[in-house]
Every structure is written in C-alpha cells, then in structure tokens.
Amino acid sequence: NRKNVTLADANGIELGNITTSEDLIVNAKNDITQTSGTALTTAGNASLNSTSGDITLNSPTNKIDGNLSMSGNKVTVDNYNHALTLGDVKAKTSLDITTNNKDINQANGTSIISDGITTLDSGSADINLDNATNDFKNTVNANGKNVTLADVNSVKLGDINTNKNLNLNTNGNITQTIESIVYIGDQSTFNATLNHDVILKNNTNIFNGLVNITANSAIIAAESRPFWGKINTRIPTVYLVAQKVEDTQKLITPIVNAT
C-alpha cells in the first residue's frame with residue numbers, strides 16, 4: 001500500500017495485489033497481466049504501457065478511481081465492476097472493454113486510438129466516448145444502454161446494440177460491415193457532417209425510434225421503415241426496406257432532404 005507506485009520491467013510483468021492512494025504507473029516491454037484473484041486499487045490514475053506486448057486486466061475486484069490509460073498491442077479490460085473512465089488509449093491489435101453493467105466514459109482531452117477491432121460492452125449501462133480526437137481505424141462493436149461515439153475520420157460499425165439511444169459523430173463516412181446488425185432501442189443520430197456519407201445497407205438493421213442524419217448523402221436499410229427525425233443531407237436520403245427478413249429484394253424510396 002503506497003502513495004504512488006511505479007513499476008518497470010525489461011520483459012513482461014504479472015501484477016499481484018497493488019493499492020495506491022494516488023497513481024499507478026507500469027511500463028514493460030512485453031505482456032502486462034495480473035494474477036488471478038488479485039486486485040488493482042488506485043485512488044488516482046493508472047497508466048499501463050507495453051512496448052511490444054498485450055495488456056490484460058480481468059479481475060472483478062479491480063477498482064481505478066481516476067483515469068485508466070493504456071498502450072499496447074491487444075488491450076483488454078474484462079469483468080470490471082465499477083464505472084470506468086478511460087484516459088489516453090492506444091491499441092495496435094485490438095481493444096476490448098467490458099464492464100458488469102457499469103458506465104464506460106472518457107476523460108476530457110484524451111484520445112482513444114484503436115488500429116484493430118474495438119469491442120465495447122457496458123451491459124445495461126452507458127458508453128460515452130465522445131472526444132473528437134478518437135480514431136477507431138477498424139470495426140467498432142458496442143453494447144450498452146446509451147452509446148455515444150466520436151471519431152476524427154470515418155467509422156465502420158460492426159454489431160451495435162443499444163437499449164436506448166445511439167449518437168455517432170464523425171468527420172468521415174459512417175458505414176457498417178457485411179452481416180452486422182445495428183439495433184437501436186430508441187433514437188439514433190448519425191452526424192457525418194455535410195461532407196461525408198452515412199451508408200448502413202444491411203436490411204437486418206432495426207431502428208425503433210427516430211433516425212436523425214446529417215451527411216452529404218445517406219442510405220439506410222432496415223427490416224421496416226424507420227421513423228425519420230431531422231434529415232439534413234445535400235443529396236436526398238434513400239431507405240431500403242426488406243419486404244421479408246429472408247427476402248433480398250428491397251424497396252427504394254427517396255426522402256426529400258430537410259435543410
């Protein structure tokens with residue numbers, strides 16, 4: 001139990017029980033892991049940096065009161081039982097963040113940069129990663145009550161599931177992977193600015209509330225016709241509706257843009 005703890009290892013490091021009244025800093029060349037049944041408890045911030053390895057924190061008794069910053073190849077936080085605030089995060093291979101029905105937030109002025117697939121799961125709680133400097137360079141999967149994401153350029157959605165609202169702000173195109181499903185329990189807002197497009201063409205998508213769009217153009221596919229909110233596009237929006245879930249035929253109807 002110390003005020004500040006700084007650890008460094010020329011290879012990998014396996015963490016045991018660590019308690020700090022302020023900050024924790026861990027630097028290693030290879031993997032940073034923790035022993036089963038142990039806990040990281042910090043009243044301040046935690047910073048974990050692996051030069052060429054993975055970072056895995058999977059103990060349900062971990063508790064970081066400040067910001068959690070991480071840099072590594074595969075970055076994983078699993079089975080977390082408290083609200084989590086991310087600081088600067090850089091993941092070269094993949095980023096996986098899972099909490100047990102607790103919010104996933106982001107500190108002001110920080111950036112999340114994920115080169116690989118990103119998976120975020122807060123169960124029945126919210127996900128709020130809304131800093132404009134974030135960069136999700138590959139597919140983003142998210143599950144939560146309300147989900148808010150921002151990206152400095154384009155975003156490709158994987159499976160998105162929200163109990164309530166989705167808010168997505170980018171400075172690039174918003175698309176989705178083949179066979180992914182975007183399921184929105186209530187309202188969805190897609191803001192790609194008037195210079196970029198929103199293209200969600202999978203007819204298994206489900207939008208239960210109003211769909212709001214700001215984009216150059218938009219193509220929205222769904223199992224049934226969405227309820228349109230504010231549509232602000234330079235080119236009229238097109239929606240594609242599956243006549244049947246198993247039917248690949250689609251009905252195409254233009255919607256006059258509301259500016």
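The structure displayed is predicted, hence computed values, not measured ones.
Both L84 and I32 sit in one connected hydrophobic cluster of ILVMFWY residues. Membership requires side-chain heavy atoms under 4.5 Å apart, directly or through other members. W228 is connected to I174 through a chain of hydrophobic side-chain contacts under 4.5 Å among Ile, Leu, Val, Met, Phe, Trp and Tyr, so both are in one cluster.
The residues D115 and K137 are annotated as salt-bridged, a charged nitrogen and a carboxylate oxygen being separated by less than 4.0 angstrom.
I235 places a side-chain heavy atom less than 4.5 Å from the side chain of N216. I213 is listed as a side-chain neighbour of I220, based on a closest heavy-atom distance under 4.5 Å. N58 is listed as a side-chain neighbour of Q34, based on a closest heavy-atom distance under 4.5 Å.
No option in N141, N143, T98 other than N143 meets the side-chain hydrogen bond (donor to acceptor under 3.5 Å, both in side chains) test with D121.
The backbone N or O of T93 sits nowhere less than 3.5 Å from a side-chain atom of N73 that would complete a donor-acceptor pair. A distance-only check finds a donor-acceptor pair linking the side chain of S52 to the backbone of K29 [under 3.5 Å].
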key: Worked verdict on T38 versus L15 for side chain to side chain contact (heavy atoms under 4.5 Å, CB included)   = CA-CA 8 Å; T38 63; L15 303 174; 5.9 Å; no
inquiry  = Go through it in stages, so that I can follow the logic: the residues are N134 and L149, the test is side chain to side chain contact (heavy atoms under 4.5 Å, CB included), and I'd like the CA-CA distance, side-chain angles, deciding distance and then a yes or no.
reply    = CA-CA 9 Å; N134 293 339; L149 301 173; over 6 Å; no
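With values rounded to the nearest 0.5 angstrom, D151 atom CG is found 11.5 Å from N173 atom CG.
Here the closest heavy-atom approach between residue A107 and residue N67 is recorded as CB-ND2, 3.5 Å.
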